[in-house]
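This one's a predicted model, so the numbers in the text were calculated from it and none came from an experiment.
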Amino acid sequence: MNGRGNSLPGVDYQRLQPARKLLPMGLIQTDPHRCRACHACVRHCPVKAIRVSADSAATDPARCIACGRCLQACSPQARTAGGALQRVRRLLDRREPTVAVLGPAFPAFYGDWQPGRLVAAIRQLGFQGVHEGAVGADLLARVVPGLLSAQGQPPCILSHCPAVVALVERHFPQLLRHLLPVVTPLVAAARLIRKPLDQTPRIVLISSCFATKGEMADDQIADSVDAALTFAELNLLLSDAGHTPQRLGEEDFSGPAGGLGRRFPLPAAALSVLGLGTASDPEVLSAEGADNVLEILRDLAAGRIHPRLVDLRWCRGGCLAGSDGGSRLSAFARAPLIRHYAATAKPAGEIGVDDVLPRSDLQRRFTHRHPARDLPDGEHIRRILQATDKYAIGDELNCGACGYPTCREHAAAVCRGLAREDMCRPWFIKRLSAQSRQMEQRYQLARLVLSGREQVGDLVARDAPTRKLLQIGRELAATESPLLLRGEPGTGKKTLARLIHDSSPRAALPMAMVNCSGRTAEQLLRMLRGPDAPGIEGSEPPGGLLLMASGSTLVLEEIGDAPAEIQSFLAEVLDRSHFSLPGGKIEQPLNVRLMATSSRNLEAGLQEGWFNRDLYVHFSLCSLNLPPLRARGDSLPELVRTLLRRAAQRLHLQVSDMEPAVLKILQGHDWPGNLYELANVLERAAQLADGAPIRAEHLPLLPTAGPAADSAERHRDFRASRDRQLQGIEHSLLERFLHENNGNVSAAARSANLPRRTFYRLLERHGLQRRESPRGAPRKGND
């Protein structure tokens, strides 16, 4: 160990990564760069003195009892202790008079060292003297019985364990009056060393107890001791100095030798060493281990038990185990080493306490250190529980993965600022799974959008109707109301929907579209709500579009063609703002803005009964009518340039120019197919021109516009207009093939890749059956 915390023996922590900036939190510090948010420290801290933040888990000094369990649990070694080791090294380097007090448990941690050789090795480090800490237990044995008889109302809690004392001061202050007011054995030995000397030396305590470091923060102890090391830290000093037991001679301890105090580390031996009887006394309660200590203190505080004397040691195995980790032996293997040393070593003599040390120097007082915090009320705890999906008692798993024994204790810790909601592992895993599914849905949605995206043209706003339309569309983009876009086929309803979506607060997510034409009610319901059963991977996206497009916009193309069941389903979803997943058991809130397009007369659908009235009410509140292309004459030139450029990019063609006569022809046409028709005409012209300027002959036969009334009548029916256009194109093609083959019908049929009889029937249908060619006579012998 390098003075920053616990370590394992044989590990050279001086050569680890360079030190980073630490977060000072009392005795124990946290390196946020090393913390992995595993919360092992929280799980192993019996008093929950760990404050978890977004960056790391730091120690709350007001709650910490310095037991050191969090240091042992931290695998990344992000948690470290104060720099006692560096302080001792500085004292030794400056050759200041320094003595060591060796805890009575040292034989269990240095079984391969003879005690005299260990003393010699410590002195060679620079210590002027090495004293036995067991002498402190012998000193206390002469005053404790008298103090116990003078103690007030039982129970009396022995105060020889620093962790237990800190626990009572910080978490059970109602038991402070029951603590026996004496110092710990090591502090008693330190005061014995300091009292008779004219020149007070620096005193360093060396033991298996990490809590001794925390004891140094008490003002009553700080004037007696300068530093506290663990046996693991002493191992580092010996290792750096190159000391081994085989190379050293033996030296005696400084000062008086220990007597019965050498047995003090043994389980339940404190009672006999201090002359207080044995653990078999029914009025005496003796226990070891954090769980047992906490249970006994809770029972004492609640008045459920009434022993006369209580002997508690925080560590399981007592001082033989400690929180040090400096020995690989178990507490059971260490106990014989203590007994052997206590039996074979002969005490040099006895100590007269009144002659050497006044009784008052062995006494101390205790301080109320319980942190004053308001307890969270039930409402706050309920909110935290619900935030982690715990709405009933059955939802509280009490699994302990967060580090707290119950879900309610975790919620209370969140209210106090000691914990975070995401420490609940089951809820956190569930949330990650939901986020993963959501990401998968967003990916599938983006893939659907990109694969089905069509670009038929832009809403070029050179004409007044389109400018006004775009202005209204931008105003409606900020709303969440359903929106209906109406107009003839090919007027750019999908393009306008995309522009409105891109201007809305939902623009960060891709817009989804579903075409209602030509699909059954079952197909559309599966697309909107999701499949009833999972399909083959890749065949259907997970969930429906209402769930996948959450937070985005969903466009329902040709809503008038949707089956009646789907219209009723959409009306119900808009009424309730919720929809049910397949199975009908799980309700999902609607977080999708719905837009619809229609080229049909929905008002006529209400009268004829093929359109749902409730759905019409929802969509008719916000409705936009797109003008046809024939009403956008001012925008036609720019639209022609845009569509030609897009066709050239898609077909990898070079379009050089267009003759002025071509634009006049385009402007004179009514365009019953609107942008679709214009895009197709320009694409065919670009292919025929093949890099040359587009001329009139590159255009298909376009009938000129008639009177306005006649035009409106002709465009009232889209299918009829389309059929007339196809007939005109067919007529033009027949004439072209006959002209190219000099009126030879058979050759024209072969050139058109049609049977001759079919070609004859087409000629007859278009009134060309009585003349072989309109521009030339057929050659003889060729029919």
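A 6.0 Å sphere centred on CZ of R94 holds more than 12 heavy atoms belonging to other residues, nucleotides or ligands. Heavy-atom contacts from other residues, nucleotides or ligands closer than 6.0 Å to CG of D377 number more than 12. Heavy atoms of other residues, nucleotides or ligands lying less than 6.0 angstrom from OH of Y391 number more than 12.
Taking the ring centroids of F172 and H370, they lie at or beyond the 6.0 Å cut-off.
For the side chain to side chain contact (heavy atoms under 4.5 Å, CB included) with S286, the lone residue among D311, L158, I296 that qualifies is D311.
Here the CG-CG distance, from L238 to L234, works out to 4.5 Å after rounding to the nearest 0.5 Å. In this structure, the separation between CG on D31 and CZ on R79 is 11.5 Å, given to the nearest 0.5 Å.
Residues passing the side-chain hydrogen bond (donor to acceptor under 3.5 Å, both in side chains) test with D299, sequence neighbours excluded: R304. Under the rule for a ring pair (Phe, Tyr, Trp, His ring centres under 6.0 Å), H131 has no partner lying at least two apart in sequence or in another chain. For E288, there are no side-chain hydrogen bond (donor to acceptor under 3.5 Å, both in side chains) partners, not counting sequence neighbours.
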Exercise for the section: Apply ring-ring contact (aromatic ring centres under 6.0 Å, His included) to F253 and F127, showing your working. Expected result: CA-CA 12 Å; F253 280 99; F127 289 93; over 10 Å; no

Problem - Derivation of the salt bridge (charged side-chain N to carboxylate O under 4.0 Å, His left out) call for K213 and E233 - result: CA-CA 12 Å; K213 292 177 176 289; E233 291 172 314; 3.0 Å; yes

Practice task
For R416 and D60, run salt bridge (charged side-chain N to carboxylate O under 4.0 Å, His left out): C-alpha distance rounded to whole Å, both residues' side-chain angles, the deciding distance at 0.1 Å, then the answer.
Solution key: CA-CA 12 Å; R416 294 192 185 106; D60 185 356; over 6 Å; no

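Ring orientation note: the planes of F264 and H160 are nearly perpendicular, at an angle over 60° on the 30°/60° scale.
No side-chain donor-acceptor contact under 3.5 Å links Q128 and T98. Between the side chains of R364 and S159, no donor-acceptor pair is found at a separation under 3.5 Å.
With respect to R262 and D138, no salt bridge is recorded, no charged nitrogen being found less than 4.0 Å from a carboxylate O. At a threshold of 4.0 Å, the pair R382-E379 counts as salt-bridged, since one of the basic side-chain nitrogens sits closer than that to a carboxylate oxygen.
Geometrically, R334 does not engage Y110 in a cation-pi contact defined by less than 6.0 Å to the ring centre and at most 45° from the axis.
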